[in-house]
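Below is one structure, written out as structure tokens, with a few remarks after it.
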Amino acid sequence: MNYQKLKGTVDILPDESEKWQVVEQQARAILSNYQFREIRTPLFEKFDLFARGVGETSDIVSKEMYDFKDKGDRHIALRPEGTAGVVRAYVENKLYAPEYHKPMKLFYIGSMFRYERPQSGRQRQFNQVGVEVFGSKNPAVDVETMALAMDLFKSFGIEDLKLVINSLGDSESRQKYREALIAYLEPHFDELSNDSKERLYKNPLRVLDSKDKKDKVLVADAPSVLDFLNEKSKQHFEAVKEMLDDLSISYEIDKNMVRGLDYYNDTIFEVMTTHPKFGANATICAGGRYDSLVEEVGGPETPAFGFGFGIERLLILLDFMNYNYPKVSTIDAYVVTIGDKVNKAATKLTQYLRQNNLSVEREFMNRKPGKQFKTADKWDAEFVFTMGEDELKENRVSIKALKSGQQMDIDLGELYSNFEATFKEVESRLMKKGE
RNA sequence: GCGAUUGUGGCGAAGUGGUUAACGCACCGGGUUGUGGUCUCGGCAUUCGUGGGUUCGAUUCCCAUCAGUCGCCCCA
């Protein structure tokens with residue numbers, strides 16, 4: 001074999017893509033109930049947009065961006081996440097203009113790219129569903145959007161779900177907290193892991209979710225963000241919690257939860273699954289509020305809230321659960337051909353049936369009738385239309401309903417002149433079992 | 001970027017420094033000269049990811065490379 005797919009990419013073959021269709025279709029239905037509308041933005045953007053949006057210190061920018069120079073010497077990157085592009089489109093197309101309803105609720109479904117080592121549920125090209133809500137600081141937006149995320153996952157019957165929330169506070173609160181955290185950690189500098197030593201000044205909050213055991217011990221006694229929230233942020237967080245309670249959506253507060261991306265403030269959340277095969281606590285969805293990003297990208301001051309989740313991870317989880325996917329592809333009829341001479345007549349018949357809204361496959365390989373029936377049976381076809389040389393001579397076709405085993409001949413002229421009535425008659429006569 | 005592990009037909013999977021590379025599934029053909037299940041018989045890898053090397057001889061040993069899987073980092 002000469003060519004193979006690039007590392008970290010996958011071919012999604014028909015058996016698998018049917019699962020994707022189910023997931024996407026269901027997600028679209030729920031998003032539509034929540035009055036979100038789809039936005040499609042380019043797969044690549046100016047490198048700087050992501051560098052700015054995602055945060056210069058994040059690993060995504062420093063080592064995971066799929067970037068390149070195009071022939072015009074432009075520095076381009078494949079999108080590593082969805083939000084930056086949507087924000088750019090929001091600003092560039094002036095979706096904040098007065099004629100648009102506020103808040104503007106958008107969703108996207110599509111591929112993202114990160115240059116990293118592939119492993120379970122992680123690829124270089126992966127797919128995300130994400131939503132963004134622009135223009136409202138109302139905590140009800142936070143709550144509605146988190147409720148949406150929970151509804152999406154619940155709709156697949158996922159029960160091992162946990163909503164975990166935290167507040168990072170606004171920039172003022174965050175700044176104060178940052179100082180306090182550094183003050184607390186500095187005396188322990190030598191005890192910190194190497195990664196955390198580096199993080200301490202670049203992005204001290206990230207020390208909080210270090211996986212290192214010693215770090216974890218230190219962090220356990222660190223001051224909490226929640227104690228540093230100013231009045232506004234505190235009220236916002238309280239309101240969010242109350243509304244979640246009102247909706248009977250249970251949640252946990254994890255004061256050490258932070259974000260890999262720099263643009264978040266106030267409410268952040270993760271949806272985790274506690275499914276045993278998925279590891280102790282696996283995040284399947286993450287999001288939060290980002291009130292300064294729109295401005296950062298050049299738009300007017302616009303509060304925003306959003307989340308994203310990876311479709312691959314969701315599919316893995318559904319597989320673990322042995323999720324029963326509804327069948328996407330079905331077949332109404334199989335056209336059996338007997339002999340070379342019927343090729344033309346079979347072509348005509350097959351096309352005619354399809355044009356009358358039946359899903360039809362025909363035999364192309366000239367196998368023996370027995371084999372053809374076997375295929376029709378395996379595919380669960382409702383009817384088999386048999387076109388043989390006998391039928392051809394008499395301008396008729398033989399129709400068999402596989403479930404009842406009943407079979408009858410029908411005149412082709414009749415079928416071709418009045419499909420509906422003829423076929424209805426055939427259906428009613430053949431569907432009865434063992435007459 | 002680092003570490004571990006794997007790579008044999010369409011798929012799953014055995015195997016060995018030496019003349020013909022098990023088996024199962026799927027598929028194709030026959031038994032059943034035009035009708036679904038079962039059964040039965042037969043077919044299906046000049047080749048063991050790729051490229052080198054060692055050897056009289058390599059799918060088997062060595063090196064490199066590509067890819068998969070898992071873990072670290074990070075994250076969806």
Side-chain angles (χ1 to χ4, degrees), chain A residues 1-11 13 15 54-55 57-65 79-83 109-130 149 153 193-196 198-199 203 206 209-212 258-261 270-273 278-279 282-287 306-317 334-339 341-342 363 365-392 398-407:
Chain A
M1 204 153 358
N2 283 321
Y3 293 104
Q4 51 193 183
K5 60 187 171 298
L6 259 21
K7 186 194 276 285
T9 63
V10 293
D11 297 316
L13 305 180
D15 282 345
V54 167
T57 62
S58 72
D59 271 36
I60 292 182
V61 171
S62 53
K63 63 178 200 191
E64 291 177 0
M65 200 95 90
R79 60 185 187 191
E81 52 96 42
T83 300
I109 300 180
S111 289
M112 310 294 158
F113 304 83
R114 287 184 203 173
Y115 193 87
E116 60 184 345
R117 258 325 259 283
Q119 51 189 279
S120 177
R122 189 185 313 186
Q123 293 150 205
R124 288 187 173 178
Q125 177 178 357
F126 60 102
N127 293 276
Q128 273 190 325
V129 174
F153 293 111
S193 67
N194 288 333
D195 285 322
S196 288
E198 209 172 302
R199 290 182 191 125
N203 193 347
R206 296 260 300 285
D209 75 342
S210 171
K211 306 293 184 293
D212 184 88
V258 298
R259 271 293 92 100
L261 311 183
E270 294 185 5
V271 179
M272 300 179 129
T273 173
F278 229 72
T283 302
I284 50 176
C285 174
F307 69 73
F309 67 86
I311 300 179
E312 284 84 356
R313 283 200 176 179
L314 174 56
L315 288 167
I316 291 172
L317 178 59
Y334 194 92
V335 174
V336 165
T337 67
I338 305 171
K341 291 181 188 144
V342 303
E363 175 70 11
M365 306 311 287
N366 240 324
R367 290 130 81 215
K368 305 188 64 155
K371 305 287 184 185
Q372 299 186 43
F373 270 84
K374 218 167 161 176
T375 300
D377 191 49
K378 197 170 78 181
W379 290 0
D380 217 17
E382 207 67 41
F383 298 97
V384 170
F385 285 64
T386 301
M387 180 58 72
E389 292 178 15
D390 299 344
E391 285 84 353
L392 187 62
S398 159
I399 307 175
K400 182 171 189 175
L402 288 186
K403 282 205 188 75
S404 66
Q406 300 291 306
Q407 183 163 343

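Order of the sequence lines sets the chain letters (A, B, ...), proteins ahead of strands, with each chain counted from 1. Model, not experiment: these values are computed from the prediction. Just so it is clear, the values below take in all heavy atoms, side chains as well, and ignore hydrogens, waters and symmetry mates.
In this structure, CZ of A:Arg114 is placed 18 Å from P of B:G1, rounded to the nearest angstrom. What separates CD of A:Glu312 from P of B:C75 is a distance of 18 Å, to the nearest Å. In this structure, A:Gln123 atom CD and B:C70 atom P are separated by 10 Å, rounded to whole Å. For the pair A:Lys371 NZ and B:G36 P, the interatomic distance rounds to 11 Å; values are reported in whole Å. Residue A:Ile316 contributes atom CD1, which lies 10 Å from atom P of B:U69 at whole-angstrom precision. In this structure, the CZ atom of A:Arg124 is 12 Å from the C1' atom of B:C66, given to the nearest Å. Straight-line distance from the CD atom of A:Glu363 to the P atom of B:C27: 13 Å, rounded to whole Å. Counting to the nearest Å, the P atom of B:A76 and the CE atom of A:Met272 are 11 Å from each other.
Separation of the P atoms belonging to B:U46 and B:G9 is 10 Å when rounded to the nearest angstrom. Straight-line distance between the P atoms of B:C63 and B:U5: roughly 12 Å, to the nearest whole Å. Separating the C1' atom of B:U47 from that of B:A22 is a span of 15 Å, rounded to the nearest Å. Separating the C1' atom of B:U59 from that of B:U6 is a span of 15 Å, rounded to the nearest Å. Between B:G24 and B:A14, the distance separating the two P atoms is 15 Å to the nearest Å. For the P atoms, the distance from B:A13 to B:C25 is 15 Å, rounded to whole Å. Nucleotides B:G57 and B:C66 place their C1' atoms 27 Å apart, quoted to the nearest Å. Separating the C1' atom of B:U69 from that of B:C62 is a span of 24 Å, rounded to the nearest Å.
Judged by distance alone, with hydrogens and angles left aside, A:Lys378 brings no side-chain donor or acceptor close enough to the base of B:G36 to form a pair under 3.5 Å. At a cut-off of 3.5 angstrom, the base of B:A76 holds at least one donor-acceptor pair with the side chain of A:Glu116. The base of B:C75 sits with one of its N or O atoms less than 3.5 Å from a complementary donor or acceptor on the side chain of A:Arg313. Between the side chain of A:Glu391 and the base of B:G34, a donor-acceptor pair under 3.5 Å is found.
Side-chain contact between A:Tyr115 and A:Arg124 is present, with heavy atoms from C-beta onward closer than 4.5 Å. A 4.5 Å side-chain heavy-atom check between A:Ile284 and A:Phe309 finds every atom pair outside the cut-off. Within the 4.5 Å cutoff, side-chain heavy atoms of A:Glu389 are placed close to those of A:Val342.
A 3.5 Å limit on both hydrogen-bonding distances identifies B:C27 as the Watson-Crick or G-U partner of B:G43. Base pairing of B:A13: no nucleotide in any strand meets the Watson-Crick or G-U wobble criterion (both distances under 3.5 Å). Pairing partner, B:A76: none, since no Watson-Crick or wobble contact has both distances short of 3.5 Å. B:G71 and B:C2 make up a base pair, with Watson-Crick or G-U wobble contacts both under 3.5 Å. As the counterpart of B:A64, B:U50 is assigned, both hydrogen-bonding distances of the Watson-Crick or G-U wobble pattern falling under 3.5 Å.
Base engagement by A:Arg122 is indicated by at least one non-hydrogen atom pair under 4.0 Å involving a base atom. Across all strands shown, A:Gly8 has heavy atoms under 4.0 Å from sugar-phosphate atoms exclusively, and none from any base. No engagement by A:Asn127 is indicated, since no non-hydrogen atom pair under 4.0 Å with the nucleic acid exists. At a threshold of 4.0 angstrom between heavy atoms, the contacts of A:Gly405 include nucleobase atoms, whether or not backbone atoms are also involved. At the heavy-atom level, A:Gln372 lies nowhere under 4.0 Å from the strands shown.
Closest heavy-atom contact between A:Ser398 and A:Glu391: CB-OE2, 3.8 Å.
Side-chain atoms of A:Ser120 lie closest to B:G71 of the nucleotides B:G29, B:G37, B:G71. Among the nucleotides B:A76, B:G36, B:A67, the one closest to the side chain of A:Leu402 is B:G36.
Take the nearest nucleotide of RNA chain B for A:Gly388 and for A:Tyr115: the residue whose nucleotide is more 5' is A:Tyr115. Both A:Leu6 and A:Gln407 sit near RNA chain B, but only A:Gln407 has its closest nucleotide nearer the 5' end.
Phosphate contact (OP1/OP2 of B:A67, side-chain N/O of A:Lys5, threshold under 4.0 Å): absent. Applying the 4.0 Å criterion to OP1 and OP2 of B:G1, one finds that A:Arg117 has every side-chain N and O outside that range. Distances shown here put every side-chain N or O of A:Lys374 at or beyond 4.0 Å from the OP1 or OP2 atom of B:U32. Proximity of A:Gln119 to the phosphate of B:G71: a side-chain N or O atom is located under 4.0 Å from OP1 or OP2. Put simply, A:Arg206 has a side-chain N or O that comes within less than 4.0 Å of OP1 or OP2 on B:C75. A:Lys368 has a side-chain polar atom (N or O) that falls below the 4.0 Å cut-off from OP1 or OP2 of B:G31.
Listed for the A:Arg79 side chain is a donor-acceptor partner under 3.5 Å among the backbone atoms of A:Ser111. A donor-acceptor pair under 3.5 Å is formed between the side chain of A:Glu312 and the backbone N or O of A:Asn127. Under the 3.5 Å distance criterion, the side-chain polar atoms of A:Glu270 are left unmatched by any main-chain donor or acceptor of A:Met272.
Taking CG of A:Asp11 as the reference point, atom CD of A:Gln4 lies at 11.0 Å (rounded to 0.5 Å).
Put simply, A:Phe126 rests on the base of B:A76: the two rings are less than 5.5 Å apart at their centres and nearly parallel, under 30°.
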Give the table of side-chain donor-acceptor pairs shorter than 3.5 Å for residues 368-376 of chain A, with sequence neighbours excluded, one pair per line with atom names and distance.
{"unit_1": "A:Gln372", "atom_1": "OE1", "unit_2": "A:Thr337", "atom_2": "N", "d": "2.9"}
{"unit_1": "A:Gln372", "atom_1": "NE2", "unit_2": "A:Thr337", "atom_2": "O", "d": "2.7"}
{"unit_1": "A:Gln372", "atom_1": "NE2", "unit_2": "A:Arg367", "atom_2": "O", "d": "2.6"}
{"unit_1": "A:Thr375", "atom_1": "OG1", "unit_2": "A:Arg367", "atom_2": "NH2", "d": "2.6"}
{"unit_1": "A:Thr375", "atom_1": "OG1", "unit_2": "A:Lys371", "atom_2": "O", "d": "3.2"}

